[in-house]
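Take a look at the structure set out below.
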Protein chains: 2
Amino acid sequence: MDKSPLITSNHSALFQIDVYVVVFTLRENRLQVLLNDLPSAGAWQIPGLALPTDLSLEETAAQCVAKYTGLHEAYLEQLYTYGDPDRNAVSVVYFALVPADSLLTPLDESAADWFPVDTLPPLILDHGDILTYALRRLRYKLEYSAVGFELLPDYFSLSELQSTYEIILGEKLDKRNFRRRILQAGIIESTPRRRTGEGRPAQLYRYRPDAVAEVKARRLFP
Amino acid sequence: MDKSPLITSNHSALFQIDVYVVVFTLRENRLQVLLNDLPSAGAWQIPGLALPTDLSLEETAAQCVAKYTGLHEAYLEQLYTYGDPDRNAVSVVYFALVPADSLLTPLDESAADWFPVDTLPPLILDHGDILTYALRRLRYKLEYSAVGFELLPDYFSLSELQSTYEIILGEKLDKRNFRRRILQAGIIESTPRRRTGEGRPAQLYRYRPDAVAEVKARRLFP
DNA sequence: GCAAAAGTGTTACAGTTACACCCATGG
DNA sequence: CCATGGGTGTAACTGTAACACTTTTGC
């Protein structure tokens, strides 16, 4: 097994690398997170995979999302890397956002389930802290970058988007101000589609993949 | 060698983990970064150490700073973790801020040197990109959190602090606005000390270790 | 025609920027 | 007494927050 050519270590320690993914979605009007049952510990854990030799960290994270949700695309962002001196493993943690409607695909045989972020089961080790941190980062991110639509289907109404923000941030937002800002930010664009249902039909919007966004963007929400 | 109890991997790959630290300081009125000569490659690299079994990631980063600067305390923050599928090593990158005046301590025998961030030598691999990213993160951080004083001695004048910000952000700031904001933010406090020299003596300030700061703090600078 | 959700502008306020002069010391 | 850097307040402006009614559809 080759060593990195750049750093020669004295006692050349080797580690297993675990890639964990905190997967968020929006179900039943609540922000929920995917957890994996670990009966041997009588507790739940954030789903993860050991890094294999032939995949990058992000590919492994994506594969982890696929394994537990059936989705082969998701918004992924690296969160933090934890290294315990005790056990010789290092944990690289990502967070992912997946749209709830696409989750009909059955889960893997593995015993994973969704939990609202405010009513979590007992978690192993420091996974509770990691979740808390992930949630904080998600809220921060939302405030100045507008990733909310990652939790929605490709086409969505502004009311749905606003509701997403309200659920995650945990506060009511002003409808007119919300629309003005989100449109001024230029990250979504209106489409000819409309959603019909109760009340007046809603114009549908979609993400503009070419949006630069976030670069030097002011905070969008208070 | 034990495996992590949480994730059982099929082909149980093991990796060397390299901890790199992008060390920034302020010398000669320029933001400078510490680099390590790698004559075999004819290029320079970000200083790093292989993670040993008995240290945490952050401890290893701190030790790396100590090795190359002689400083046993520094502001440290995790930046990003890079995983190449090619070579079987994973790189956890930190950035550090060290006050220039404390650097009189001689460097390790290793061939490390300081370079202004705008005139870098050839760098190995993706270290140039990593540096660019570290610099962006430093600027972001400075804008809303006020870590500038980490580059200054314990006691400093407001003019020195302002100059620090101007050098890093690359733009002139208004003296009165700067003072008002930095004081309102409540992260530094005035001390009885004064610095004498040319012109009127300056009141000296120091960091308030008890400052909560940054939590929900608005951006401090444009 | 009414219930239900979508859509739309303006005003008051707060925070930010721009700006110029006096002060304390050392030489 | 003068050169040098330290220190101070206000007014115009810009961005943000608060707010209520009209529109379109399904039933």
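Below, chains carry the letters A, B, ... as their sequence lines are ordered, and counting in each starts from 1. Values in this document were obtained by computation on a predicted structure and should not be read as measured data.
For A:Arg194, the salt bridge (Lys or Arg N to Asp or Glu O under 4.0 Å) test picks out no residue, with sequence neighbours left out.
Between the NZ atom of A:Lys172 and the P atom of D:dA18 there is a distance of 15 Å, given to the nearest Å. To the nearest angstrom, C1' of D:dG6 lies 14 Å from CZ of B:Phe178. The separation between A:Leu161 atom CG and C:dA6 atom P is 12 Å, rounded to whole Å. Atom CG in A:Asp174 sits roughly 16 Å away from atom P in C:dT10 (whole-Å rounding). When rounded to the nearest whole Å, the span between CG of B:Leu183 and C1' of D:dT8 equals 12 Å. Rounded to whole Å, atom C1' of D:dG6 lies 10 Å from atom CG of B:Leu158. The nearest whole Å value for the distance from the CD atom in A:Gln162 to the P atom in C:dT8 is 14 Å. B:Gln184 has its CD atom 12 Å from the C1' atom of C:dA14, to the nearest Å.
In this model, no donor atom of one side chain and acceptor atom of the other lie less than 3.5 Å apart for B:Gln203 and B:Tyr205. Donor-acceptor pairing under 3.5 Å is lacking for the side chains of B:Arg136 and B:Tyr140. Donor-acceptor pairing under 3.5 Å is recorded for the side chains of B:Tyr68 and B:Asn36. Side-chain N/O atoms of A:Gln162 and A:Glu166 include a donor and acceptor closer than 3.5 Å.
Set against D:dT25, D:dG7, C:dT8, the side chain of A:Arg194 has D:dT25 as its closest nucleotide.
A:Val92 places none of its side-chain heavy atoms less than 4.5 Å from the side chain of A:Thr60.
For DNA chain D, the residues of residues 195-204 of chain A within the heavy-atom distance limit of 4.0 Å (strictly under) are A:Thr196, A:Gly197, A:Gly199, A:Arg200, A:Pro201, sorted by number.
The ring of A:Tyr165 has its center closer than 6.0 angstrom to the ring center of A:Phe178.
The environment of A:Asp154 atom CG is sparse: at most 12 non-hydrogen atoms of other residues, nucleotides or ligands sit within 6.0 angstrom. The neighbour count for A:Asp118 CG, taken as heavy atoms of other residues, nucleotides or ligands under 6.0 Å away, is above 12.
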Distances under 3.5 Å only, N/O to N/O: pair up the protein atoms with those of nucleotides 10-14 of chain D.
from	atom 1	to	atom 2	distance (Å)
D:dT10	O4	B:Arg180	NH2	3.3

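Taking side-chain N and O atoms only, A:Ser159 has no distance below 4.0 Å to OP1 or OP2 of C:dA5. Distances shorter than 4.0 Å separate some side-chain N or O of A:Arg179 from OP1 or OP2 on C:dG7.
Across the interface with DNA chain C, nearest-nucleotide mapping of A:Glu160 and B:Lys175 shows A:Glu160 to be the residue nearer the 5′ end.
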